[in-house]
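Everything below concerns the one structure shown next.
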Amino acid sequence: MFWIVQPSLLTVVVLYGAGIFLPPLFYRNPHVQNLVAHGAAMAASVAGIVLGLAGLLAPTATTLSISSNLPLLTFQVRVDPLASFFVLIISSVGLAVSQFAIGYVREFEGRRSIGALGGLYNAFLLSMTLVVLADDGFFFLIVWEIMSVVSYFLVVTEHEKPETRYAGFFYLIMTHVGTAFIVVTYLIFYQQTGSFSFETFGHPATPLPEGFRTLVFAAALIGFGTKAGIVPLHVWLPYAHPAAPSHVSALMSGVMIKTAIYGLIRVYFDFLGGTFPWEWGFTVLAIGAVSALLGVMYALMEHDLKSLLAYHSVENIGIILMGIGAGMIFQSYGLSNLAALGLLAGLYHTINHAMFKGLLFLGAGSTAYATHTRNMEEYGGLIKRMPWTAFFFLVGAVSISALPPSNGFVSEWLTFQSLFLSFQIPDVLMKIMLPIGAAMLALTGVLALACFAKAFGISFLAMPRSAHAREAREVPWTMRIGMGGMALFCIVLGIAPMGVIPMIDRITAPYTGVSIAGHVVSESGLAVMPGTGIGFASISTPVLAALMAILIPAALLASAALGGRLRKRHYKTWGCGINLKPRMEYTATGFTQPIKQVFSMIYRPTVKLETEMLEESHYFAKRMRFETHIEPVFQKYLYDPVVRVLNRIADRLRVVQAGSLHLYLSYIFITLLILLLWVR
């Protein structure tokens, strides 16, 4: 496969490079800049898909290296199954999103430089691809930092808005906090091995002492967890994802945060050799369960459609970590088959989440494009004005709600099965804790279904509740094709798990020592049996899809036949004798009010009601204003105190800022003198 891998990799780099540098040459014509930038991104994505598939099918990993004049730095990449899987995800999402962007970014023409936006977009895709291909710690940190900085500039595209600047600043701080911990992780490996090469990190001849292994585990979890958005490090997502242009949000939520999942698997299963105490796996599982549950609970309270989707990213990262954590626990007890199953479930949900979350962000971008607002309370009735967008959004909503036979159902079902199989663990505590994790996952699924019933029903059904919704029009075909591509990925991943599982098995087999694809997929190739040989449970999504395709039309035909020749009659919906108005509809606030009351201990809701009475009578209200808020617990009790302490420290240090150039030169001179004395 080397003859495919090397040219594909070179093509990816060249085409993304063309997308970065060519658009500015056409500065007089934004339309051409748009076509060049996103056309190059689409071509590079196709080459990336070829590279990913070739890397997954290749019998051995391919390594390419270019030395540099900088000490400790080697531009080295490795195309192995794990890296190839993530290249495939990045490229598949990148292809559909780039197609969508051709129509979407025309909204920015005349307001922003399309060449700069397109160049940054290509740099973002290229940096993510190189992050998962990097085979050297120093090189990894460089491309990781480029990815973070480029994504920051994309987030602040509409920098004239104060909330956008705040979101970008917040994101920049959080991402660099995470980077600091990743640097610590790699420095520990470097201190022990004397090299930044990933090959030496994971070499059995240079094992880390036990204390350093624990330190690496914790630093990697915080560093990569910040980028992934685990609770309580998730606070930047609901700010940054909504602030960015929607095609960038789709990449950030669908792909960028997955690079952190890649980093965790690479460190735990590759560099640390896949051997660890059960406490590590339990920690990952517990963080995943809490992230999943709290993520969906906060999503339910959001009325900004993109903020709602951002919180769902927290939820789905939690589900991914639950699969990985379960795999780590099983691995620690020597249950290799179940370890492979848990890791497989986590990776399956990784690709599924990339697809349906990318689709949903494109759908949210389309509604914002047509209505010029992200507030669901101002939507309503969009299904009649935007039927294509409504259909694609519904596909994404069904998938993220894990309804059969969608792709989300398959991966969550595999996660459930891996948690239920905990009865094989000899430890009683773990036998109890893993089913508790399954119960939390079940509650998460129910709340996710309620959340997307709200998102779709309030946005697309009933009557328009604003002039924006009444005047909405379907988005251009270029945007619809992009959404259609993502919807197709979701459907294929749902009804063809027998093709996906062997592909992921190529990743998990080297880390767990066993290949389970032959056990998980039945001999007929139509059913999935995650019991790994013990006949625990089985499911067949192709059969489910075929049954639905037959039974639903049959039911409609039967009802038409049994109903006879009923004459079609049209009546107004009964509304207490008055005409129905949009203000009488169920709102997003009203939809979630019962759930808010049930979980009031977590939400801590506050209600503010202002009433202005008529001057003629104090019994009749002239105007009423109702506001309700939930308490941002993590921001109030975790981050705000830290910010206050830092502000106090900064106030005390302000005395050194006297505005005198001579004084500043003295500082520099004294610092240099101290450094020279230290190193002499």
Should the heavy atoms of other residues, nucleotides or ligands under 6.0 Å from CZ of Phe391 be counted, would the total exceed 12?
no
Looking only at the side chains, is there a donor atom on one of His176 and Ser148 sitting less than 3.5 Å from an acceptor on the other?
no
Does the gap between the ring centers of Phe170 and Trp236 come in under 6.0 Å?
no
Determine yes or no for a side-chain-to-main-chain donor-acceptor pair under 3.5 angstrom, with Arg480 supplying the side chain and Glu474 the backbone.
no
Is there a donor-acceptor contact under 3.5 Å linking the side chains of Thr350 and Tyr262?
no
Is the centre of the Phe456 ring less than 6.0 Å from the centre of the Phe452 ring?
no
Donor-acceptor check, side chain of His38 to backbone of Asn34, threshold 3.5 angstrom: yes or no?
yes
Return yes if some donor-acceptor pair links the side-chain N/O of Glu585 with the main-chain N/O of Met463 below 3.5 Å, else return no.
yes
Does the ring centre of Trp144 sit less than 6.0 Å away from the ring centre of Phe224?
yes
Do the rings of Tyr311 and His234 sit parallel, tilted or perpendicular, given the 30° and 60° boundaries?
tilted
Within a reach of under 6.0 Å around CZ of Phe181, are more than 12 heavy atoms found that belong to other residues, nucleotides or ligands?
no
Does the Glu377 side chain pair with the main chain of Ala588, one donor and one acceptor, at a distance under 3.5 Å?
yes
